[in-house]
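Below, all heavy atoms of this structure are taken into account, side chains as well, without hydrogens, waters or symmetry copies. For the single chain, residues carry numbers from 1 onward in sequence order. Predicted, not measured: the structure shown is a model, and the values here were computed from it.
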Amino acid sequence: QVQLVESGVGLVQAGGSLRLSCAASARTSSSYVMAWFRQAPGKEREFVAAISWRGISINYADSVKGRFTISRDNAKNTVYLQMNSLKPEDTAVYYCTADLGVFLHTRRNDYEYWGQGTQVTVSS
């Protein structure tokens, strides 16, 4: 099992930056993919970024490419999401998720473990 706890709740102005962190308590020796999703009010939860166990493979949603960077530190069991050039449309609850596998899934249903979510608000 993998338990996930996000941190980095933030209110930032458009054009600003914010970094989210997600600490994993993994009761497994297996490798796992980690990812970020987000959900804006009244919208479906959508894929943001995913990273493989060793950090070699990374995938981003088109809407965040060039602005967001996902990274991980396995020694700390933590994944990060650095968000730059934030826009009001980035406002959402951001969720950390993990999957005991190797594929960088982009569908919500492909991930088994989820954090509680953290609010990011970007003001215009």
Side-chain angles (χ1 to χ4, degrees):
Q1 288 189 345
V2 180
Q3 295 179 326
L4 304 170
V5 179
E6 300 103 336
S7 60
V9 175
L11 172 62
V12 63
Q13 289 187 333
S17 297
L18 192 64
R19 189 176 82 157
L20 303 181
S21 300
C22 174
S25 299
R27 298 180 181 180
T28 175
S29 59
S30 299
S31 61
Y32 49 95
V33 169
M34 297 193 76
W36 291 94
F37 280 67
R38 66 186 182 185
Q39 188 166 15
K43 294 188 176 182
E44 296 286 325
R45 192 171 299 186
E46 65 176 5
F47 171 78
V48 175
I51 186 168
S52 63
W53 172 250
R54 297 188 185 277
I56 295 175
S57 297
I58 291 176
N59 190 19
Y60 294 102
D62 288 341
S63 59
V64 305
K65 279 182 181 177
R67 299 188 300 121
F68 290 12
T69 302
I70 188 172
S71 61
R72 67 190 295 169
D73 183 344
N74 288 342
K76 298 180 179 179
N77 290 328
T78 300
V79 64
Y80 305 96
L81 186 67
Q82 177 66 43
M83 304 184 291
N84 298 328
S85 301
L86 283 161
K87 305 174 181 179
E89 51 263 45
D90 294 318
T91 295
V93 176
Y94 283 71
Y95 294 91
C96 176
T97 183
D99 178 60
L100 297 179
V102 299
F103 295 108
L104 303 187
H105 300 296
T106 60
R107 298 187 310 170
R108 172 183 181 178
N109 290 343
D110 290 323
Y111 287 89
E112 183 173 4
Y113 304 102
W114 292 85
Q116 79 285 357
T118 186
Q119 178 69 47
V120 171
T121 302
V122 184
S123 62
S124 57

Would a distance-only check, ignoring hydrogens and angles, find a side-chain to backbone donor-acceptor pair under 3.5 Å from [X] to [Y]?
X	Y	result
N74	W53	yes
T91	V122	yes
Y111	H105	yes
Q39	A92	no

Stacked cation flag R45 on Y95, 6.0 angstrom / 45 deg: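 Ring-cation test returns yes.
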
A side-chain contact here means heavy atoms from C-beta on lying under 4.5 Å apart; do [X] and [Y] qualify?
X	Y	answer
L86	Q13	no
L4	M34	yes
C96	W114	no
Q116	E6	yes
L100	Y113	yes
S21	K76	no

[X] [atom1] to [Y] [atom2] distance, which is reported to the nearest 0.5 Å:
X	Y	atom1	atom2	answer
T97	E112	OG1	CD	9.0 Å
I58	R72	CD1	CZ	10.0 Å
W36	Y80	CH2	OH	10.5 Å
F37	T106	CZ	OG1	6.5 Å
N84	T69	CG	OG1	6.5 Å

From CA spacing to verdict: side chain to side chain contact (heavy atoms under 4.5 Å, CB included), F103, V33: CA-CA 7 Å; F103 295 108; V33 169; 6.0 Å; no

Kindly give the heavy-atom pair with the smallest separation between [X] and [Y], and that separation in Å.
X	Y	result
S71	I51	CA-CD1, 3.7 Å
S85	S17	N-OG, 4.4 Å
A49	L81	CB-CD1, 4.4 Å

Co-membership, hydrophobic cluster, residues V79 and V120, 4.5 Å side-chain: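 Per the 4.5 Å side-chain linkage, V79 and V120 are co-clustered.
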
Ion pair check, D90 and K87, cut-off under 4.0 Å: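 K87 and D90: not salt-bridged.
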
Test log, rule side chain to side chain contact (heavy atoms under 4.5 Å, CB included), inputs L20 and R38: CA-CA 12 Å; L20 303 181; R38 66 186 182 185; over 6 Å; no

Candidate list V48, L18, V12, test side-chain contact (heavy atoms from CB on, under 4.5 Å), partner M83, passing option: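 So the option named by the test is L18.
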
Aromatic plane relationship, Y94 with F68 - under 30° parallel, 30 to 60° tilted, over 60° perpendicular: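 Aromatic pair F68/Y94 classed tilted.
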
